[in-house]
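Here is the structure we will look at, set down as structure tokens.
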Protein chains: 2
Amino acid sequence: MTEIKPFNSTEYMNHISLDCVIFGFNNNELKVLLLHLKYSKENTLPGGFLKYDETLEQAAQRIVKERTGLDNLFLKQFKVFSDPERSRSNKAVMDGIIAGTIPDPSFFENRFITVGFYALVDFLKVKPTPDFYSDHCDWVSLNTELSMLLDHKQIIQEAIVTLRLQLNQQPIGLKLLPEKFTMPELQKLYETILGRDLDRRNFQRKMLNYNILDKLQERKTGGAHKSPYLYSFNVERYQEALKDGLSGIW
Amino acid sequence: MTEIKPFNSTEYMNHISLDCVIFGFNNNELKVLLLHLKYSKENTLPGGFLKYDETLEQAAQRIVKERTGLDNLFLKQFKVFSDPERSRSNKAVMDGIIAGTIPDPSFFENRFITVGFYALVDFLKVKPTPDFYSDHCDWVSLNTELSMLLDHKQIIQEAIVTLRLQLNQQPIGLKLLPEKFTMPELQKLYETILGRDLDRRNFQRKMLNYNILDKLQERKTGGAHKSPYLYSFNVERYQEALKDGLSGIW
DNA sequence: TCAAAAGTGTTGCAGCTACACCCATGT
DNA sequence: ACATGGGTGTAGCTGCAACACTTTTGA
């Protein structure tokens, strides 16, 4: 039997933020949309605060729309980051961000719990848009070594791990690639997410056996060498196949 | 470029709670540890609030320890539930829970964001302990039809889905079963989580091929019929195997 | 002694791995 | 013409599904 304690409202209140890892695939590289802060010159994930009357999912859609211009994106929460020191220990950094830009900078002295979301977007449809604190908003390749605000680097890492684990449960290819794409492009995407090379021919056979791709008559022209066929996802069959997971074991 | 707005501290503050789905396996059934409320006569998940200086993981350990007596359990966050109506729309219910029991019942009129955790415990080691609001704390089979507080039924459902998806990535068998167990028991656990029957002989071969089990000399006696061998997990090999996932596809 | 549960085997097929070979294209 | 990348094919192995048979136990 636990003792009873009076609740004090503010003692139990917390600030909830969201950070969105927006993935795009372009030029055979997996990229993340980042903001570059005016004052501290560091990179941050697009983020924001949860409003009192919205769900986290709605907040994430709102945040991502402001940076990309796109509605109704594929978004999933993947982890909550709640270390009490994750924001408090960086007051100096926060000061750098907000110096002279907001009326009540003491706001950032609070503890923040942040919910990590990842978004999968069609790279070419995005119009990167900076916010008030940033001088620009750009796609950055994951191969690039970056200086990131707070624990944002760790958040990106966790997002990638999640992507890898969910590769057979979520429509990752469908959401990251344009309508039409080539088999080598799809393969490169898988290789990037998995972090290792795959056999070209076995990959193709396996993908086709899933029966989730439509082979188009067109070929991709312009590049050097033999022109590859274009494919597109068959959305119904893809969604259907994902219910059990692609190549589910049990 | 987004317009700048002054931040108002409390406008952006939220109440964060945790709800823990504590799984145990006994008598060939998957069970969940639930509290039964004194006033409303409903069942709830063990839960609590995040304190200002702890991580969510620490809070979850604290909450689970109070109900089970056990330290250092296997705990994982699986989803945040943030629908603004999830708690507000149930003020009447909340009144029922707290009637006359706490000094500031208006506390429960607030909106609550709750983080769902699941815990895997060795059924026999747990000493179920009710809290102040509950008259008892018991294991309940998942086959039982239950009347649950708020969205707690949905939280349990989501926990089970997560368990199913993570069956090959997390040490689920290791944490839910006692030191020594029989192959039929392990199989029953898998069947319960997966929601369907598996072939006895193929299951055994597959499990043994993972090379994560040690076959003991002892057999389980007492039951009717032929006495089955006892097995135990080889922890190092199990953890090693999980790094790539059991039978990883890619 | 017999029903029910557990241990052990076998066979055929599907899918994967690891390759070789041919074709198309721009320089 | 040739280097490079893309399309297609095949042999062998592994592992799984779907089965049958034997062994042990308590009632």
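Just so you know, these numbers come straight off a predicted model, no measurement behind them. Chain letters run A, B, ... following the sequence lines, proteins first, then strands; residues in each count from 1.
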Practice problem: State whether a side-chain donor-acceptor pair under 3.5 Å links B:S247 with B:Y210. | Solution: yes
Exercise. Check step by step if ring pair (Phe, Tyr, Trp, His ring centres under 6.0 Å) holds for A:F233 and A:Y238.
Key: CA-CA 7 Å; A:F233 282 102; A:Y238 196 175; 4.8 Å; yes
Practice problem: Please identify each residue that fulfils salt bridge (Lys or Arg N to Asp or Glu O under 4.0 Å) with A:E158, with sequence neighbours left out. | Solution: A:K79
Practice problem: Test the B:K215-B:Y231 pair against the cation-pi criterion, namely NZ or CZ under 6.0 angstrom from the six-membered ring centroid and within 45° of the ring axis. | Solution: no
Exercise. Starting from C1' on C:dA6, measure out to NZ on B:K188 and report it in whole angstrom.
Key: 15 Å
Practice problem: Could you tell me which residues satisfy ring pair (Phe, Tyr, Trp, His ring centres under 6.0 Å) with A:Y190, sequence neighbours excluded, listed by chain and number? | Solution: A:F203, B:W250
Might you list the N or O atoms of the protein lying below 3.5 Å from N or O atoms in nucleotides 3-5 of chain C, with each pair's distance?
residue, atom, partner, partner atom, Å
C:dA4, N3, B:H225, ND1, 3.4

Quiz item: Through what angle, rounded to 10 degrees, does the axis of the helix from C:dT1-D:dA27 to C:dT27-D:dA1 turn between its ends, using five pairs per end?
Solution: 10°
Exercise. Give me the first and last nucleotide of DNA chain D, going 5' to 3', that has any atom under 4.0 Å from a heavy atom of chain B.
Key: D:dA17 to D:dG26
Quiz item: Knowing that exactly one of B:W139, B:F25, B:F23 qualifies, which makes a ring pair (Phe, Tyr, Trp, His ring centres under 6.0 Å) with B:F123?
Solution: B:W139
Practice problem: Check the distance between C:dA6's C1' and B:F181's CZ and give it to me in whole angstrom. | Solution: 16 Å
Quiz item: Side-chain donor-acceptor pair under 3.5 Å between B:T114 and B:D19, yes or no?
Solution: yes
Quiz prompt | Side-chain (A:S232) to main-chain (A:K180) donor-acceptor, under 3.5 angstrom | solution = no
Practice problem: Check whether the side chains of A:D135 and A:H36 place a donor and an acceptor atom closer than 3.5 Å, and report yes or no. | Solution: yes
Practice problem: Assign a letter to each nucleotide of nucleotides 8-17 of chain C from its 5' end: B, base within under 4.0 Å of a protein heavy atom; S, sugar-phosphate only; -, no contact. | Solution: BBB-----SB
Quiz item: Does the side chain of B:Q77 come under 3.5 Å of the side chain of B:E57 through a donor N or O and an acceptor N or O?
Solution: yes
Quiz item: Using a distance-only test with no angle check, is there a side-chain donor-acceptor pair under 3.5 angstrom linking B:Y118 and B:Q166?
Solution: yes
